[in-house]
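None of these values were measured; they are calculated from a predicted model. Residue numbers start at 1 and run along the sequence shown. In each ligand, atom 1 is the first atom listed, and ligand 1 is the first ligand listed.
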Amino acid sequence: MIYSRIAGTGGYLPEKVLSNNNLEQMVDTSDQWILERTGISRRHIMEDHETTSTMAEAAARQALDAAGLTTKDIDMIIVGTATPDRTFPSTACILQHRLEAYGCPAFDVGAACAGFIYGLSIADQFIRNGVAKRALVVGAESLSRIVDWTDRSTCVLFGDGAGAVILEASGQPGICSTHIHANGFYNDLLYAANHIGELKEPAYIKMQGNGVFKIAVKTLDDIVDETLAYNNIDKSEIDWLIPHQANLRIITATAKKLDLPMERVILTVQDHGNTSSASIPLALNHGVRTGKIKRGETLLLEAFGAGLTWGSALVKY
Ligand code: ACO
């Protein structure tokens with residue numbers, strides 16, 4: 001049997017930090033409201049010269065270093081993003097150029113906040129069936145560029161950044177299973193228009209936050225059950241929950257479902273805000289680099305986002 005395992009992780013956050021107090025000067029909000037409703041204190045905001053692909057490159061190079069590999073070793077590049085540098089080519093192709101890793105397949109996955117889990121799932125299939133040996137999977141987002149900075153209901157939520165993993169073929173799991181889903185019935189609950197489609201509105205994030213919130217909690221509950229049942233394991237066997245970092249209240253609900261104390265949850269939402277597809281690989285990288293997550297431990301990754309899309313991965317790190 002061939003499995004895929006995580007050989008290295010990397011992350012990149014822009015230097016500039018926007019605090020809740022900064023936001024108080026911009027819109028009618030308060031540090032207290034943001035903290036109580038979301039758990040977010042600050043978020044990183046990219047500079048004008050940065051793009052999704054520059055941030056992806058920084059995260060990818062760090063993941064390659066951690067894996068002890070070079071750009072020449074990669075035979076597949078997948079980027080989860082809702083904020084590509086250009087409509088085409090894919091950000092993955094631009095990243096491939098930045099890394100000079102020419103020749104291997106490179107493509108983006110559009111699944112909003114679940115983009116990284118979708119990418120991980122695809123790469124895992126390619127490695128399991130022997131087509132790829134070492135895949136670079138990235139989640140990278142320039143959300144500050146599609147946020148309406150006058151809309152207090154969304155501008156306080158999002159941040160920029162990129163996270164990456166190198167998956168490589170292994171005789172042992174690795175990725176035990178991935179589970180991905182979508183329900184397009186709810187595509188209007190959370191979206192960003194563009195100048196191509198039928199919506200004649202500015203290209204900003206629009207969200208019916210409360211509607212999304214309720215579906216997210218229930219759906220993540222279900223995917224935890226699905227993942228545990230598929231692997232025939234008990235929730236007590238999970239060492240770390242690495243959730244999509246959208247809202248501390250949603251994360252707390254999932255931890256409760258797993259009977260996991262919050263000390264066993266990798267939390268970055270307070271410092272990163274919601275970085276969409278970048279949030280899970282950034283949290284994973286944070287957990288690894290702070291020495292919390294150790295080799296051999298069992299991780300449950302889960303995400304929920306626009307689409308609606310959702311997914312999970314059970315990983316033996
Ligand atoms: N500051 C102060 N007040 C605010 C702010 C703000 N920044 N934003 C909204 N409010 C007000 C509203 O106007 C409303 O006031 P009203 O009661 O007078 O009308 C009140 O606060 C409550 O608003 P709600 O939207 O009901 O607040 P809620 O408790 O639902 O929190 C939030 C909003 C944080 C957005 C929450 O609903 C949420 O996290 N939703 C899920 C987000 C998510 O998971 N998205 C998926 C991933 S994102 C992706 O895929 C790109």
Side-chain angles (χ1 to χ4, degrees), residues 18-43 52 80-84 109-119 139-161 180-184 186-194 203-221 223 243-254 267-270 272-283 301-312:
L18 187 72
S19 68
N20 290 351
N21 297 125
N22 297 143
L23 280 161
E24 285 176 345
Q25 313 303 314
M26 296 161 63
V27 287
D28 180 16
T29 191
S30 66
D31 175 43
Q32 191 192 354
W33 189 95
I34 303 170
L35 208 53
E36 278 178 14
R37 297 293 177 116
T38 72
I40 300 167
S41 288
R42 58 191 73 80
R43 67 290 290 146
T52 299
T81 188
T83 46
V109 175
C113 297
F116 175 77
I117 295 287
Y118 266 61
E141 301 286 3
S142 306
L143 294 169
S144 63
R145 302 225 168 123
I146 59 163
V147 158
D148 176 355
W149 288 104
T150 65
D151 174 9
R152 70 174 183 175
S153 70
T154 52
C155 76
V156 303
L157 304 175
F158 298 99
D160 301 324
I180 55 175
H181 299 278
N183 187 348
Y186 296 110
N187 75 83
D188 276 343
L189 277 189
L190 169 56
Y191 66 87
N194 60 26
Y204 292 137
I205 297 173
K206 296 260 184 231
M207 176 160 71
Q208 292 176 39
N210 208 266
V212 175
F213 186 97
K214 286 179 189 146
I215 302 173
V217 172
K218 164 82 177 80
T219 306
L220 291 171
D221 229 53
I223 204 154
H244 172 49
Q245 313 275 327
N247 186 313
L248 183 59
R249 290 183 291 147
I250 299 176
I251 296 171
T252 307
T254 309
L267 278 182
T268 52
V269 67
Q270 68 284 1
H272 300 178
N274 180 350
T275 58
S276 191
S277 68
S279 94
I280 290 180
L282 273 170
L301 283 49
E302 48 84 347
F304 183 88
L308 296 172
T309 53
W310 62 99
S312 66

Looking at ligand 1, does any of its N/O atoms fall within less than 3.5 Å of an N/O of Thr29? yes

Quick check: Ala306 and ligand 1, any N/O pair under 3.5 Å apart? yes

Donor-acceptor pair, distance only, cut-off 3.5 Å: does the side chain of Asp31 make one with the backbone of Glu24? no

Is Leu190 touching ligand 1 with its side chain, its backbone, both, or neither, if touching means heavy atoms under 4.0 Å apart? side chain

Quick test: of every protein heavy atom, which one is nearest to atom 40 (N) of ligand 1, and how far off is it to 0.1 Å? Gly209 O, 3.0 Å

Side-chain donor/acceptor of Thr268 to backbone N/O of Ala283, under 3.5 Å: no

Under 4.0 Å from one or more heavy atoms of Met207, ligand 1 contributes atoms 35 (C), 42 (C), 45 (N)

Report, in ascending order of atom number, the atoms of ligand 1 lying under 4.0 Å from any heavy atom of Ala112. 50 (O)

Is a side-chain donor-acceptor pair under 3.5 Å present for Arg42 with Asn21? no

Any sub-3.5 Å donor-acceptor pair from Ser277's side-chain atoms to Gly80's backbone N or O? yes

Rounded to the nearest 0.5 Å, what separation is found between the NZ atom of Lys206 and the CG atom of Asp188? 12.5 Å

If the contact criterion is a heavy-atom separation under 4.0 Å, does Gln208 count as touching ligand 1? no

For atom 31 (O) of ligand 1, what is the nearest protein heavy atom, given as residue, atom name and distance? Arg249 NH2, 3.6 Å

Looking only at atom types and distance, does a side-chain atom of Asn187 sit under 3.5 Å from a main-chain N or O of Gly307, one as donor and one as acceptor? no

Do Arg249 side-chain atoms and Arg37 backbone N/O form a donor-acceptor pair below 3.5 Å? yes

Tell me if a side-chain donor or acceptor on Asn274 pairs with a main-chain N or O of Leu157 at a distance below 3.5 Å. no

Within-cutoff protein neighbour (heavy atom, under 4.0 Å) for atom 37 (O) of ligand 1: yes

Nearest-option assignment for atom 4 (C) of ligand 1, heavy atoms, candidates Trp310, Trp33, Phe158, Phe213: Trp33

Give me the residue, atom name and distance of the protein heavy atom closest to atom 28 (P) of ligand 1. Arg37 NH1, 3.6 Å

Between Arg152 and ligand 1, is there a nitrogen or oxygen pair with a distance under 3.5 Å? yes

Identity and distance of the protein heavy atom lying nearest atom 43 (C) of ligand 1: Val212 CG1, 3.7 Å

Under 4.0 Å from ligand 1, counting heavy atoms only, is it the side chain of Leu143, its backbone, both or neither? neither

Decide whether the shortest distance between a heavy atom of Ala216 and an atom of ligand 1 is less than 4.0 Å. no

Which one holds for Asn247 and ligand 1: side chain close, backbone close, both close, or neither close, with close meaning a heavy atom under 4.0 Å? side chain

Should you measure from each heavy atom of Phe304, which atoms of ligand 1 turn up under 4.0 Å away? 46 (C), 47 (C)

When you measure from the side chain of Arg152 to the backbone of Leu23, do you find a donor-acceptor pair of N or O atoms at a distance under 3.5 Å? no

Going by the order shown, which atoms of ligand 1 are within less than 4.0 Å of some heavy atom of Val156? 7 (N)

To the closest 0.5 Å, what do you measure between CG (Leu220) and CD (Glu302)? 4.5 Å

State whether the side chain of Asp221 and the backbone N or O of Lys218 hold a donor-acceptor pair below 3.5 Å, judged by distance alone. no

Measure the distances from the heavy atoms of Thr38 to every atom of ligand 1 and state whether one is below 4.0 angstrom. yes

closest protein heavy atom to atom 47 (C) of ligand 1 is Cys113 SG, 3.3 Å

Kindly indicate whether atom 16 (P) of ligand 1 is approached by any protein heavy atom to under 4.0 angstrom. no

Should you measure from each heavy atom of Asn274, which atoms of ligand 1 turn up under 4.0 Å away? 47 (C), 48 (S)

Output yes when a side-chain donor or acceptor of Glu141 lies under 3.5 Å from a complementary backbone atom of Thr83, and no otherwise. yes

Counting from 1 in the order shown, the ligand 1 atoms closer than 4.0 Å to a non-hydrogen atom of His244 are 47 (C)

Side-chain contact, heavy-atom cut-off 4.5 Å: Ser279 with Phe116? no

Judged by atom type as modelled, is there a donor-acceptor pair below 3.5 Å linking the side chain of Trp149 to the main-chain atoms of Ser144? yes

Taking atom 26 (O) of ligand 1 as the reference point, the nearest protein heavy atom with its distance: Asn210 ND2, 3.4 Å

